[in-house]
Amino acid sequence: LDEDGFLPDALRNYLVRLGWSLGDQEVISLEEMVAAFSLDGCGTAAAVFDREKLTWLSGHYMRHRDPLLLANEWARHLALPERGAKRIEVAADAHLVRIVKSLQDRAKTLTEMTELGRFFLCADEDVVLPAADAKDAKKWLGADGLAALHELVAVLDAIEPFETAEIHAVLTRLAESREGKMARVAQPARIAVSGGTVSPPIDETLAILGRESVRRRLARALAHFATA
């Protein structure tokens, strides 16, 4: 289960609830377990493993975890020898904490966090872009989408500081010439920098990646889709 990315607190909570209950309370902290435990609360029926419930519990603990603690747990998970070729050595620094904050409401396990945040951790040249004839590329990276990327590249250096609010303001201006539809700017940019159509809010995503990484990824996507 360690490889599956379930948080230890969630796993303990789940295993305890298999044989003991505190009324109808599903989420039980270690302190509550110690204070309230009695044999009267122990069940006699055979326990049944419910992976869906364990995943739900893990999601709860992920959402409520201190981001710095979660960053350390994620870094340890990424470096597990069992991950083999997918093993990643990463420091649990302020940058990783910021990535964690952008993902922890979305991920139910550390494994899910890894899948959702893979593009944050890989080199710019390793982002896997969809084929030009893939459904998402055809929808978002036609002439209008590519034009949006060119316009974003043109204003990158004018965004100062390169942070969420300032990026959002620029994206909003680019969307104004597209009937105010943010998706016509956000989705092409999202595909260009992450390889897919799902990520944290695009302004925060670009801010986390940083100006130079965004510049390289946009250029790579433009070359990829223009020549495909």
task = Check whether L146 and L206 end up in the same hydrophobic cluster, where Ile, Leu, Val, Met, Phe, Trp and Tyr are linked by side-chain heavy atoms less than 4.5 Å apart.
result = yes
Taking every heavy atom of P130 against every heavy atom of G195, the minimum-distance pair comes out as CD-O, 3.6 Å
(Q) Closer than 4.0 angstrom, basic N to acidic O: yes or no for R12 and D9? (A) yes
In this structure, CG of N13 is separated from CG of L18 (nearest 0.5 Å) by 10.0 Å
Has the side chain of H64 got a donor or acceptor atom that lies under 3.5 Å from a matching backbone atom of H60? yes
Notebook entry, point to check: Please walk me through it: do K139 and T197 pass side-chain contact (heavy atoms from CB on, under 4.5 Å)?
Noted result: CA-CA 11 Å; K139 180 176 181 179; T197 57; over 6 Å; no
Item to check | Connected via hydrophobic side-chain network under 4.5 Å: V97 and L78 | outcome: no
Heavy-atom nearest pair, A75 first then A92, reads CB-CB, 4.3 Å
_Between D144 and K181, does any NZ, NE, NH1 or NH2 come within less than 4.0 Å of an OD or OE carboxylate oxygen?_
no
With the 4.5 Å side-chain cut-off for hydrophobic clustering, are L171 and V155 part of the same group?
yes
Q: For R220 and E125, indicate whether the former's side chain and the latter's backbone hold a donor-acceptor pair under 3.5 Å.
A: yes
Rounded to the nearest 0.5 Å, the NE2 atom of H77 sits from the CD atom of E82 at a distance of 10.0 Å
Checklist entry - Can you find a heavy atom in the side chain of T172 that is under 4.5 Å from one in the side chain of M182? => result yes
- prompt: Should L7 and W56 be regarded as members of a common hydrophobic cluster, given that ILVMFWY residues are connected when their side-chain heavy atoms come within less than 4.5 Å of each other, either directly or indirectly?
  reply: yes
Smallest heavy-atom separation, W74 atom then L110 atom, equals NE1-O, 3.7 Å
| task | Without swapping roles, check the side chain of T55 against the backbone of R51 for a donor-acceptor pair under 3.5 Å. | result | yes
Q.
Do I202 and I167 make a side-chain contact, defined as non-hydrogen atoms from C-beta onward lying under 4.5 Å apart?
A. no
| Just wondering, do I208 and H95 contact through their side chains at under 4.5 Å, heavy atoms? | yes
Next on the checklist: Assess whether a salt bridge exists between R211 and E166, defined as any Lys/Arg side-chain N lying under 4.0 Å from an Asp/Glu carboxylate O.
Outcome noted: no
Chi angles and distances behind the salt bridge (charged side-chain N to carboxylate O under 4.0 Å, His left out) call for E151, R184: CA-CA 12 Å; E151 291 169 31; R184 290 173 60 182; over 6 Å; no
Would you say that F120 contacts S213 through its side chain, given a criterion of any heavy-atom pair below 4.5 Å between the two side chains?
no
side-chain contact (heavy atoms from CB on, under 4.5 Å) evaluation trace for T109 with M62:
CA-CA 7 Å; T109 66; M62 291 280 286; 5.7 Å; no
ask   = Going only through I, L, V, M, F, W and Y residues with side-chain contacts under 4.5 Å, is there a path from L222 to V170?
value = yes
Closest non-hydrogen contact found for H168 with D203 is ND1-OD2, 3.0 Å
Here the gap from L68 atom CG to D93 atom CG, rounded to the nearest 0.5 Å, amounts to 10.0 Å
Report task. Inspect the contact between R215 and E212 and indicate whether a charged nitrogen and a carboxylate oxygen are less than 4.0 angstrom apart. Result -> yes
Flag the pair R83 / T114 as yes when at least one side-chain heavy-atom distance between them is below 4.5 Å, and no otherwise. yes
| said: Would the distance check show the side chain of R65 and the main-chain N or O of Q104 forming a donor-acceptor pair, the cut-off being under 3.5 Å? | reply: no
Item to complete: Quick one: do S194 and T205 satisfy side-chain contact (heavy atoms from CB on, under 4.5 Å)? Show the steps, please.
Response: CA-CA 9 Å; S194 74; T205 294; 5.7 Å; no
> Has the side chain of R217 got a donor or acceptor atom that lies under 3.5 Å from a matching backbone atom of A192?
Replying inline: no
For this session: Look at E204 together with K101 and state whether they make a salt bridge at an N to O cut-off of under 4.0 Å.
Result: no
Under 3.5 Å, is there a donor-acceptor pair linking the side chains of D4 and T111? no
In short, E73 meets P8 closest at the heavy-atom pair OE2-CD, 4.2 Å
Note to self: Salt bridge check, E26 against R17: does any charged N sit closer than 4.0 Å to a carboxylate O?
What the structure shows: yes
Are the aromatic ring centres of F49 and Y14 under 6.0 angstrom apart?
yes
Between the CZ atom in R190 and the CG atom in D136, the distance rounded to the nearest 0.5 Å is 11.5 Å
query = Heavy atoms, side chains only, cut-off 4.5 Å: are E112 and L103 in contact?
reply = no
Assess whether atom CD of E52 is packed by more than 12 heavy atoms of other residues, nucleotides or ligands within 6.0 Å.
no
The reported gap from CZ in F119 to CG in L209 (rounded to nearest 0.5 angstrom) is 6.0 Å
Separation between CG (D126) and CG (L121), nearest 0.5 Å, reads 11.5 Å
I99 and S102 have their tightest heavy-atom pair at O-OG, 2.7 Å
* Asked: Would L54 and L15 satisfy side-chain contact (heavy atoms from CB on, under 4.5 Å), going step by step from the backbone distance to the final call?
  -> CA-CA 9 Å; L54 172 57; L15 291 175; over 6 Å; no
